[in-house]
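The next block holds one structure in the form of structure tokens; read it before the comments.
Throughout, protein chains are lettered first and strands after them, A, B, ... in sequence-line order, and every chain is numbered starting at 1.
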Amino acid sequence: MNPAQQQAVRYLDGPSLVLAGAGSGKTRVITSKISYLVGQCGYEPKSVFAVTFTNKAASEMRERLIKMLGAERVLELNISTFHSLGVRMLREESKAAGLKTGFSVMDAQDCFGLIQSLVASTDKARLKAIQQQISLWKNALLDPDAATHSAQNAMMMDAARVYHSYQTSLRAYQAVDFDDLIMLPCQLLADNEDVREKWQNRIRHLLIDEYQDTNACQYELMRHLTGVRAMFTAVGDDDQAIYGWRGATMQNLARLQDDYPVLKLIKLEQNYRSTQTILAAANHLITRNPKLFPKQLWSDLGTGEAISVSRMDGELEQAQAVAIRLSAARTEKRATWKDFAVLYRSNQQARAMEQALRDLRIPYTVSGGQSFFDKAEVRDILAYLRLVANEQDDPAFIRAATTPRRGIGQATLQALGEYAAKRHISMFAAACEQGAQAAINPKQLQALQTFVGFLQRYAMRASQPASREHVATLLDELMAAINYEHYLYDVSSDDRAARMRWQTVLELLDWLKSRATESNWSLSELVQHVALITMLERQGEQSPDAVTLSTLHAAKGLEFPHVYLIGVEEGLLPHLGRESDEDSLAGGPERIEEERRLMYVGITRAQRSLHLTWCARRRRGGQDQACEISRFVAEMGLEQQPAVADPGASLTPKGRLDMLKAMLLKPGAS
DNA sequence: ACAGAATCAAATTAT
DNA sequence: TTGATTCTGT
């Protein structure tokens, strides 16, 4: 380790902020520090807490530590995402927080549904704006009343009103949303001295990864958790702050210095990842942004290959050309597929790319984009599990009751809902009451009672102490009882589709079972965590040799020998929403600065070669639209680099076509 | 309650 | 253009 890294690891006299430039060995510092604390300073593993933003980062950290400390001690360490820590705190302190221990965690999609039902509107854009606003308020630690006071225009007043009933509904469902997972523990620590002391005594050192992405709420949580002893290590990079839209604020970096005058500042400026050519371009670009903490990243890995910039006709051509170049480069550089990544600004850009890669039989994995847990069949099963853990979860009740179809429909649910609202009870509870049953037709009532009866018996058994077989058996029994496989064959248009969907379900069940075994969680504990888990985590399990497709956001923290950054166009990479000067287009320059940092993140993912492509036209809406190259390309100062050395770029159109044909005729080429 | 037909909006980024 | 959602008839 270099002196700065060593200093960051060894410093234990108080709070410290490690400004870790891209590729400067940030993860290495965090894991080394944990290992140092436990291995050499005699800290108990359970007194060391590390928080990250993604499950993937957490498990990567855990994996690295297993090699340093051994599996047993790592098991005791508290390494988790902010949100998982929130779940754990709320679960442990459920009484003080006024929640039942089996509370539900609703994901963004569920919450959108809730807002939709509260507003009774079909305007999707408006609903989304309201959801976003509520989220921002929560991230800023504003409750509904405070939000109402701070509302500046009609739209915000409107959102504040929804916020009120939204919170009431969540409370009634015994459910929390993602933002609550930070906000509620934070409020709990602020208001409850016993709880605060308990946690502060438990945590002897707190390490925070990606500190620049914390929001006001997370900052407060950190302050409360560390207390006056303030033993923490925050690690971050202001040039990689790309989550402003989610409430993250770089002011948290500056605030740290104000709130902790003794704060030790350590800069990691040596880059171990990229060639000087790539780093120079990245540095050149980012100097356009105002600096909070000036730092000078350098590398001694040599000049390397020049950065290529290619104009493509359209999205399709871009995808095909990149696929071909990838293929050529793999052969020429004697590289493997996993050495390559294709990065883009928005998920939709993956489509054309996937098609082109499939055509050439190039293996790939798509990271980011939550496909798995967004699939209907997965959400169906999870609705049952959520309901089992928490019968007050009305959204789960509605979904489970109606899928598979069992004669419970609109009319029945409406009767239940009205009765439940009047009596302030859950729909599940309403279904058990005489008064509500009177309003339902005998035939439907029969179906309803069968459903409710089954669930009650099932929930009874699910609440018994966790044991390995128990969870597995319960899950299999549930599938048999609701006959879900049969249902899939019923609703799918063809058997092939049904088989694939059932496969997805089996994957989910396997995953749940293995997870229960690993962590010894009960079914309800398991379900609370599922909402927080994304597809990303599963990537570690299987590591086939495949090209990575990823959004720029999801690519942060990753690195690849060869990176293709596609769609580098005005309007897309500096992404501009609608340019019509609408209401909340505040923060003009800040918007473009964040986009610039996004570009910076993309560039700095590359170790040895970087290739930029942009499309001269792009289908938008229904019609073709002319596009211009991104302003960021000019800001990279590429004029100074040697002539383009990428073999694919020098191919004539005819040469490209021949190459494409050759690959199509030879399916086993990959 | 449900299946097929007509209509309509679409494009950030994600725990 | 698609893909998803809403409407309509049985």
Side-chain angles (χ1 to χ4, degrees), chain A residues 51-58 80-87 105-112 116 122-125 128 131-132 135 138-139 176-183 209-210 213-215 217-218 241-248 315-316 343-351 367-371 373-374 376 401-413 441 443-444 447 490-491 493 529-537 550-556 567 569 571-579 591 594-595 597-599 601-602 618-625:
Chain A
V51 284
T52 63
F53 275 86
T54 64
N55 287 296
K56 189 163 155 282
S80 65
T81 63
F82 264 107
H83 294 86
S84 299
L85 178 64
V87 169
V105 179
M106 303 218 321
D107 67 25
Q109 225 179 100
D110 295 323
C111 294
F112 184 86
Q116 196 167 32
T122 52
D123 185 350
K124 241 169 128 185
K128 248 182 169 172
Q131 186 179 27
Q132 171 94 346
S135 175
K138 286 192 176 189
N139 289 336
V176 300
D177 63 18
F178 284 162
D179 301 314
D180 285 337
L181 290 175
I182 313 297
M183 191 180 74
D209 190 21
E210 306 285 8
D213 291 333
T214 54
N215 58 40
C217 201
Q218 284 158 334
I242 53 175
Y243 285 102
W245 51 273
R246 212 165 74 179
E315 211 169 4
L316 217 73
L343 308 181
Y344 37 83
R345 174 67 232 262
S346 66
N347 282 309
Q348 69 213 63
Q349 291 174 261
R351 291 207 160 214
S367 108
Q370 315 170 309
S371 47
F373 288 94
D374 281 342
T402 54
T403 339
R405 306 276 146 177
R406 53 165 65 82
I408 301 172
Q410 205 62 63
T412 311
L413 289 175
N441 290 335
K443 202 171 168 189
Q444 273 83 300
D490 248 20
V491 293
S493 47
H529 283 270
V530 166
L532 307 176
I533 288 154
T534 66
M535 195 60 172
L536 293 175
E537 193 184 354
S550 172
T551 63
L552 289 167
H553 283 91
K556 190 164 68 153
E569 293 142 42
L572 228 198
L573 191 31
H575 192 280
L576 309 166
R578 40 181 184 270
E579 278 179 72
R591 273 266 302 262
E594 181 153 313
E595 295 294 317
R597 289 192 292 270
L598 211 39
M599 177 88 182
V601 166
R618 182 177 286 278
R619 269 214 302 271
R620 225 179 136 182
Q623 289 296 299
D624 274 12
Q625 204 184 14

Measure from the side chain of [X], starting at C-beta and using heavy atoms only, and say which of [options] lies closest.
X        : options                : value
A:Phe178 : B:dA11, B:dT12, B:dT15 : B:dT15
A:His83  : B:dA14, B:dT12, B:dT15 : B:dT15
A:Thr81  : B:dA11, B:dT15, B:dT13 : B:dT15
A:Arg351 : C:dG3, B:dT13, B:dA11  : C:dG3

Checklist entry - Is the backbone N or O of A:Ala401 less than 3.5 Å from a side-chain atom of A:Arg406, with the two atoms forming a donor-acceptor pair by type? => result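 Between the backbone of A:Ala401 and the side chain of A:Arg406 there is a qualifying donor-acceptor contact (under 3.5 Å).
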
Checklist entry - Are the side chain of A:Gln349 and the backbone of A:Ser346 linked by a donor-acceptor contact shorter than 3.5 Å? => result yes

Tabulate atom names and distances for all N/O pairs under 3.5 angstrom spanning the protein and nucleotides 2-4 of chain B.
unit_1: B:dC2; atom_1: OP2; unit_2: A:Arg405; atom_2: NE; d: 3.1
unit_1: B:dC2; atom_1: OP2; unit_2: A:Arg405; atom_2: NH1; d: 2.8

Checklist entry - Distance check: side-chain N/O of A:Asn347 vs OP1/OP2 of B:dT13, anything under 4.0 Å? => result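 Looking at the OP1 and OP2 atoms of B:dT13, one of them is under 4.0 Å from a side-chain N or O of A:Asn347.
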
Next on the checklist: Less than 4.0 angstrom between a side-chain N/O of A:Thr551 and OP1 or OP2 of B:dA14, yes or no?
Outcome noted: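 The answer is yes; a side-chain N or O of A:Thr551 sits under 4.0 Å from OP1 or OP2.
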
Checklist entry - Residues in side-chain hydrogen bond (donor to acceptor under 3.5 Å, both in side chains) with A:Ser80, at least two apart? => result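 A:Ser80: no side-chain hydrogen bond (donor to acceptor under 3.5 Å, both in side chains) contacts found.
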
Next on the checklist: Between C:dT1 and A:Arg619, counting only base atoms on the nucleotide and side-chain atoms on the residue, is there a donor-acceptor pair under 3.5 Å?
Outcome noted: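 No.
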
Next on the checklist: Say we look at B:dA11 and C:dT6: how far apart would their P atoms be, to the nearest angstrom?
Outcome noted: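 Between the two P atoms, the distance is 15 Å.
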
Item to check | Same-atom distance (C1') from C:dA4 to B:dT13, integer angstrom | outcome: 22 Å

Using atom [atom1] of [X] as one end and atom [atom2] of [N] as the other, report the distance to the nearest whole Å.
X        : N      : atom1 : atom2 : value
A:Gln131 : B:dT15 : CD    : C1'   : 13 Å
A:Lys556 : B:dT13 : NZ    : C1'   : 12 Å
A:Leu572 : B:dT13 : CG    : C1'   : 12 Å
A:Glu210 : B:dT13 : CD    : P     : 19 Å
A:Arg345 : B:dT13 : CZ    : P     : 7 Å
A:Tyr243 : B:dT12 : OH    : P     : 16 Å
A:Phe112 : B:dA14 : CZ    : C1'   : 16 Å
A:Lys124 : B:dA11 : NZ    : C1'   : 12 Å

Next on the checklist: Once side-chain contact (heavy atoms from CB on, under 4.5 Å) is applied, do any residues pair with A:Arg246, and if so which ones, sequence neighbours excluded?
Outcome noted: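 A:Arg246 satisfies side-chain contact (heavy atoms from CB on, under 4.5 Å) with A:Phe53, A:Tyr243 once adjacent residues are dropped.
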
Checklist entry - Do A:His575 and the base of B:dT12 stack face to face, with centres under 5.5 Å apart and an angle between planes under 30°? => result yes

Checklist entry - What are the two closest non-hydrogen atoms of A:Gly247 and A:Asn215, and how far apart are they? => result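 So the minimum-distance heavy-atom pair works out to O-CB, 3.1 Å.
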
Checklist entry - Can A:Lys138 and A:Cys217 be said to form a side chain to side chain contact (heavy atoms under 4.5 Å, CB included), step by step? => result CA-CA 8 Å; A:Lys138 286 192 176 189; A:Cys217 201; over 6 Å; no

Checklist entry - Of A:Ala125 and A:Leu598, whose closest DNA chain B nucleotide lies nearer the 5' terminus? => result A:Ala125

Item to check | Cationic N near anionic O, under 4.0 Å, A:Glu315 to A:Arg351 | outcome: no

Checklist entry - Between A:His575 and A:Trp245, is the ring centre distance below 6.0 Å? => result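 So the answer is no for these two rings.
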
